[in-house]
Amino acid sequence: MKNRKNRVLGIMISTSLVLGMIPGTALIGSAVDGTLFVNNISVAEASSGDGWSFDADSNTLTLENYDFTGVGMAPPTDSTVIMYYPYDTPLTIELKGTNNIVQGDGSNKTWWGIYSRSDLIFKGDGTLNASTTDGGYRGAPIYCEKNVTIDGSCTINATSGTVTNGPQGHGIGGGDKSTLTIFPDATVDLNGPKGGAAGTVIYVAVSVTNGSNTTYYGSLSDALSAWNDNTTLTLLKDITTDTTINVTGTKTLDLNGYGIKKTGSGKVIFVDNQANLTLNDSAPTRTDTGDDRPAGVSGGYITGGYDDRGAGIRNEGKLEINGGTITGNTSTAHGGGIYTIYGSLVMNGGTITGNTAGGVGGGVCGSGLFTMNDGKITDNTSNESRGGGGVFLDNAFTMNGGEISGNKAPNGNGGGITINGGSFTVSGNVKISDNTAKDQVNNVYVPNSNKA
């Protein structure tokens, strides 16, 4: 989101041109085109001042404990703007510490705290408190003619005083076609007589990446519409959905340390029989998310499914699990966590835990091929006599690594694993232990003696 470009300085524009581009403002004097002004200081003259510094290479203005109360003088000569940016290249403002801007003196003039003619990007971990005084002619503490993005873990509180003219008077002002994009880690409080923000506001929840291009969306449904073949859908906050996520084609889902919680009945994810889904979790240690996070679970998770076969995920195609936790899903029949049929399941990592099946396969059930190279299947429950608290399979199960432990079959055999009609091949460093069953076949039950 950064554009690096050499600064172009020295082209003067007249007051009438400035006024023509900003109807109704009280700007007086002239500005240097392509120059950022902080109060009455041009970055062409100085790259830093009290509480601020500017890096031309990254086009970034850093505010660190900047504090200003008054009328403002940028562009120079009796203006009503504190920070003015007239260039086409997007400007990044990095916030550090606590920064305060109070613009205006209560008189009937136009008050702009920060005015940008191009895209404006806020980032950092600091705070910006910006406000304008009551009784102004028009204005806003932050105004952008194009689009504003608030990223990082920064905090922005922006409040506009009362205005007597025009459509301004927002915490963050802009045109009707402007978009304010707010990322989940940012804290934003916007107020004004005309509302918090002008234009469209997107509270980012999900992104879709296609090659080097990433697009951000405020809702899961919008992101799913753009989740095409060979693209990656990434969670940027915890998601709650009342509809099943249907997967077709070849796609990647990155939980990114966040969760998908299904409400109501139905499975969380359905993988079509011609589909290939790769499940990743790029932030497996994340815990600082919402109240819906299951107890003891770190990183991304899939929970809340309630269906007859495959409450967490029903896989009819090819499913590869590299990370994430599938937990707290309930099947009234088989496969509380995953029901895999026709295709294949490959588990290279991740955890399947705390799922329940009214029938067999509390963790994993199905007739598809299952290869487990790593990961954990723990503390799942099967309630049918055939068991398979952790895994119940009617096909080949190859276990090259990983752990299957603490699963239960309280009404039958195979507390850990039941292989009902296929082969079971074990190699490498595996752990199969501490599973329990009613009929004392606790860990592995292979009724047809087909263990390889």
Side-chain angles (χ1 to χ4, degrees), residues 206-211 213-215 217 219-235 239 241-256 258-262 265-282 300-327 329 331 333-352 355 361 363-375 377 391 393-398:
V206 190
S207 71
V208 174
T209 300
N210 184 0
N213 298 318
T214 299
T215 305
Y217 298 91
S219 69
L220 177 63
S221 59
D222 288 344
L224 290 175
S225 298
W227 193 24
N228 300 316
D229 261 359
N230 301 308
T231 63
T232 298
L233 188 149
T234 302
L235 300 188
I239 297 293
T241 178
D242 59 0
T243 59
T244 297
I245 299 171
N246 293 300
V247 180
T248 59
T250 299
K251 296 173 180 175
T252 299
L253 170 61
D254 183 359
L255 297 174
N256 190 31
Y258 296 102
I260 302 173
K261 180 181 180 181
K262 178 74 171 61
S265 61
K267 57 188 68 64
V268 185
I269 296 174
F270 173 73
V271 182
D272 185 78
N273 62 8
Q274 298 297 316
N276 295 267
L277 175 64
T278 300
L279 179 65
N280 295 333
D281 183 15
S282 58
Y301 60 90
I302 293 169
T303 192
Y306 185 86
D307 211 340
D308 60 348
R309 285 174 170 81
I313 301 176
R314 180 182 173 102
N315 170 44
E316 296 188 1
K318 295 181 179 180
L319 173 62
E320 178 180 321
I321 299 175
N322 298 315
T325 299
I326 300 169
T327 184
N329 302 283
S331 171
H334 312 309
I338 296 176
Y339 186 86
T340 185
I341 187 171
Y342 307 133
S344 63
L345 168 64
V346 176
M347 190 172 180
N348 298 317
T351 301
I352 302 171
N355 303 283
V364 176
C365 177
S367 58
L369 298 171
F370 181 20
T371 301
M372 185 176 183
N373 298 315
D374 204 349
I377 301 176
V391 177
L393 213 64
D394 280 327
N395 207 326
F397 179 24
T398 301

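Heavy-atom basis, side chains included; hydrogens, waters and symmetry copies ignored. What you see is a predicted model; the values in this text were computed from it and never measured.
Between I321 and I338, the closest side-chain pair of non-hydrogen atoms falls below 4.5 Å. Residues K262 and T244 are in side-chain contact: their nearest non-hydrogen atoms beyond the backbone lie under 4.5 Å apart. Contact of the I302 side chain with the L279 side chain is registered, since non-hydrogen atoms from C-beta on lie closer than 4.5 Å. Side-chain contact between M347 and I352 is present, with at least one heavy-atom pair separated by less than 4.5 Å. Between T327 and T351, the closest side-chain pair of non-hydrogen atoms is not below 4.5 Å. The side-chain heavy atoms of T209 and D254, taken from C-beta on, include no pair separated by under 4.5 Å. T232 is not listed as a side-chain neighbour of N280, based on a closest heavy-atom distance of 4.5 Å or more. V247 places a side-chain heavy atom less than 4.5 Å from the side chain of W227.
Of all the heavy atoms in Y339 and G366, the pair that sits closest is CE1-CA, 4.5 Å.
To the nearest 0.5 Å, atoms CG (N329) and CG (D307) are separated by 10.5 Å. Note that the OG1 atom of T243 and the CG atom of L220 stand 7.0 Å from one another [nearest 0.5 Å]. Distance check: T303 OG1 to N355 CG gives 7.5 Å after rounding to the nearest 0.5 Å. Going from atom CD1 of I245 over to atom CG of L233 covers 7.5 Å, rounded to the nearest 0.5 Å. Note that the OH atom of Y342 and the CG atom of L369 stand 14.5 Å from one another [nearest 0.5 Å].
Between the side chains of S282 and N256, at least one donor N or O lies within less than 3.5 Å of an accepting N or O.
Remark: K251 NZ is packed, more than 12 non-hydrogen atoms of other residues, nucleotides or ligands lying under 6.0 Å away.
Panel note: side chain N322, backbone N348; no donor-acceptor pair is recorded below 3.5 Å. Proximity of a side-chain donor or acceptor of D229 to a complementary backbone N or O of T250 within less than 3.5 Å is detected.
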May I have the step-by-step check of side-chain contact (heavy atoms from CB on, under 4.5 Å) for M372 and V364, ending in yes or no?
CA-CA 11 Å; M372 185 176 183; V364 176; over 6 Å; no
Residue pair T231, N228: steps toward the side chain to side chain donor-acceptor pair (under 3.5 Å) verdict:
CA-CA 6 Å; T231 63; N228 300 316; 5.9 Å; no
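For T340, the side chain to side chain donor-acceptor pair (under 3.5 Å) criterion is met by N315, not counting sequence neighbours. For S265, the side chain to side chain donor-acceptor pair (under 3.5 Å) criterion is met by no residue, not counting sequence neighbours.
Under 4.0 Å is where a charged nitrogen must lie from a carboxylate oxygen, and between E316 and R314 at least one such pair does.
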